[in-house]
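Residue numbers begin at 1 in each chain, while the letters A, B, ... track the order of the sequences. All heavy atoms count here, side chains included; hydrogens, waters and symmetry mates do not. Not measured: the values here are computed from a predicted model.
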There are 2 protein chains.
Amino acid sequence: MSPRRGLTRESIVKTASDLLDQDPSRDLTLAELARHLGVRTPSLYNHIGSLDELRQEIAIYGARELADRLGSAAIGRSGETALVAVAWAYRDFAVNRPGLHLATQRAPEPGQTELNAAAHAILEILMRVLEPFELSEKEQIHAIRALRAMVHGFVSLEQAGGFGMPVDLDESFQYLVDTYIAQVTSGTRSALS
Amino acid sequence: MSPRRGLTRESIVKTASDLLDQDPSRDLTLAELARHLGVRTPSLYNHIGSLDELRQEIAIYGARELADRLGSAAIGRSGETALVAVAWAYRDFAVNRPGLHLATQRAPEPGQTELNAAAHAILEILMRVLEPFELSEKEQIHAIRALRAMVHGFVSLEQAGGFGMPVDLDESFQYLVDTYIAQVTSGTRSALS
DNA sequence: AGTATAAACTAACACCCGTAGTTTGGCAAG
DNA sequence: CTTGCCAAACTACGGGTGTTAGTTTATACT
């Protein structure tokens, strides 16, 4: 018994992501991944080119998942409500899939069109959500960078155990979101709902 | 020729940090480290317990360096001026020592008293800088977490090449700092210089 | 001068990623 | 139903890594 075990590039990426979620601190090893798939290590090379390529594939998978979640969170909402929903959706992603979130955080290679596409999708969602605030072009870039920095920084520190004090993390995150909304609505007072 | 080459735990940590700064994306290898020190790999084990322990040592070194820089930046300043100086000192640290900054970002082990001590030193500096704004105890925690999240998130994304748009990064960072200051001074209007 | 100690070494093991070449199962055409 | 092709699994192996054990040797202290 052996050949035709039914591996797929997608199934490999998926179980690798699950393994990373179970213990985000350990670094991925093809040997353990093959073990969990009931297969010998070299068999993986029928579906992936290298460990590094697999890591990139996981990053793409994570970026797409994140884009999906952010997009869903913004459906049917606008203004501050949409902003809050998107911020919390990002945090939920990092909390629910810590290993995948960490793996997604890689420097994109120059020719990585797929990863860049996913990153661009996220960028477009944020631009759409910020539209009602009618910022100037330059301000919009600053605002998007600020949003990403705040949310990403918070969840990264939270995930790394960087927040030791016994104060509720949800409250702190809401404080951060409020800070952002105050800044982005400081010009316009037309923020809805 | 050989014995008494003059290794030290500190010298090992230092050259390891330098190597990481030269290429923050590569992962540290004892073999290459030994090569750069003019020594065989096992010789390192006379000074360190394991690769993981060395990584922790580097993290401690980075945290102390960061605490020093933040402390220096805050000397002789107060209020908004101190806040701005500390934020930029953090960013300078991440820009000047990218590998060390990345290595510092590890989940602290429970019994890591030295790393926790360095983290506590940073916490105290931030508390001192926030003193003049007279926040409530809970608000102060939120404000500290927000500051760390914003600055850390920005430099992490910047370092990872996450900001693609052709807009000045310094301006974006200043926008972020302004956002924070607006929030933290929203109660008190007594902010100085 | 002589000895103890600790810092370097060599040798060896286990584990990892990755390649080469071999076996084998399933699908498609005759 | 048979036959042949192809791709997915395999075994075997090489080069690299972290780590341990045991050996040599330079330095520091008596």
Side-chain angles (χ1 to χ4, degrees), chain A residues 1-61 99-100 102-103 106-107 109 111-112, chain B residues 1-61 99-100 102-103 106-107 109 111-112:
Chain A
M1 84 129 89
S2 278
R4 298 308 110 80
R5 180 98 37 160
L7 287 195
T8 299
R9 192 184 317 230
E10 286 96 33
S11 71
I12 292 176
V13 171
K14 199 166 181 331
T15 70
S17 306
D18 292 344
L19 279 181
L20 288 174
D21 282 333
Q22 284 171 229
D23 181 5
S25 65
R26 81 141 146 279
D27 48 345
L28 188 59
T29 150
L30 290 185
E32 187 181 4
L33 179 56
R35 228 173 286 136
H36 275 257
L37 288 165
V39 136
R40 304 288 197 174
T41 307
S43 304
L44 299 174
Y45 284 83
N46 287 318
H47 306 273
I48 63 172
S50 69
L51 172 58
D52 202 68
E53 187 196 295
L54 174 59
R55 290 210 178 99
Q56 291 182 14
E57 213 76 39
I58 295 173
I60 294 168
Y61 172 62
L100 184 56
L102 204 65
R106 299 173 31 99
E109 307 282 333
Q112 264 294 347
Chain B
M1 85 132 85
S2 278
R4 300 305 108 84
R5 180 95 41 158
L7 287 196
T8 299
R9 193 184 315 232
E10 286 95 34
S11 72
I12 293 176
V13 170
K14 197 163 181 336
T15 70
S17 306
D18 292 345
L19 280 180
L20 287 174
D21 281 335
Q22 286 175 15
D23 181 4
S25 64
R26 81 140 145 280
D27 46 347
L28 187 61
T29 151
L30 289 185
E32 187 180 5
L33 179 56
R35 225 173 289 137
H36 276 256
L37 287 165
V39 135
R40 306 287 199 176
T41 308
S43 304
L44 299 175
Y45 283 81
N46 288 317
H47 306 274
I48 62 172
S50 70
L51 172 59
D52 201 69
E53 187 196 294
L54 174 60
R55 290 211 178 99
Q56 290 181 14
E57 213 76 37
I58 295 172
I60 294 169
Y61 173 62
L100 184 55
L102 205 64
R106 300 175 29 100
E109 307 282 334
Q112 264 294 348

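- Legend: residues meeting side-chain hydrogen bond (donor to acceptor under 3.5 Å, both in side chains) with B:T15, ordered by chain and number and at least two apart, are absent.
- Nucleotide D:dC6 holds its P atom 16 Å from the CG atom of A:N46, rounded to whole Å.
- A:R106 meets the side chain to side chain contact (heavy atoms under 4.5 Å, CB included) test with A:D52, A:R55, A:Q56, A:A59, A:E109; sequence neighbours excluded.
- Residue A:S43 places at least one side-chain N or O closer than 4.0 Å to OP1 or OP2 of D:dC10.
- For A:S25, the side-chain hydrogen bond (donor to acceptor under 3.5 Å, both in side chains) criterion is met by A:D23, not counting sequence neighbours.
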Please list, pair by pair, any protein nitrogen or oxygen found under 3.5 Å from a nitrogen or oxygen in nucleotides 15-19 of chain C.
residue : atom : partner : partner atom : Å
C:dC17  : OP1  : A:T29   : OG1          : 3.4
C:dC17  : OP1  : A:L30   : N            : 2.5
C:dC17  : OP2  : A:L30   : N            : 3.4
C:dC17  : OP2  : A:A31   : N            : 3.0
C:dG18  : OP2  : A:Y45   : OH           : 2.7
C:dG18  : OP2  : A:L51   : N            : 2.7
C:dG18  : O5'  : A:Y45   : OH           : 3.0

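- Contact annotation: A:H47 reaches the phosphate of D:dA9 (side-chain N/O to OP1 or OP2, under 4.0 Å).
- Taking atom CZ of residue B:R40 and atom P of nucleotide C:dA12, one finds them 15 Å apart after rounding to whole Å.
- The salt bridge (Lys or Arg N to Asp or Glu O under 4.0 Å) analysis of residues 27-44 of chain A, with sequence neighbours excluded, yields the pairs A:R26-A:E32.
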Acceptor/donor pairs from residues 6-13 of chain B side chains to any protein atom, 3.5 angstrom cut, sequence neighbours excluded:
residue : atom : partner : partner atom : Å
B:S11   : OG   : B:T8    : N            : 3.0
B:S11   : OG   : B:T8    : O            : 2.9

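- Put simply, CG on B:L33 is 12 Å from P on D:dT17, counting in whole angstrom units.
- Residues B:L44 and B:L37 meet the side-chain proximity criterion, which asks for heavy atoms closer than 4.5 Å.
- Between the P atom of C:dA6 and the CD1 atom of B:I48 lies a distance of 18 Å, rounded to the nearest Å.
- Contacts of B:N46 classified as side chain to side chain contact (heavy atoms under 4.5 Å, CB included), with partners at least two apart in sequence or in another chain: none.
- B:L44 has its CG atom 13 Å from the C1' atom of D:dT17, to the nearest Å.
- Residues from residues 9-16 of chain B that place a heavy atom under 4.0 Å from any atom of DNA chain D: there are none.
- Rounded to the nearest 0.5 Å, atoms CG (B:L54) and OH (B:Y45) are 9.5 Å apart.
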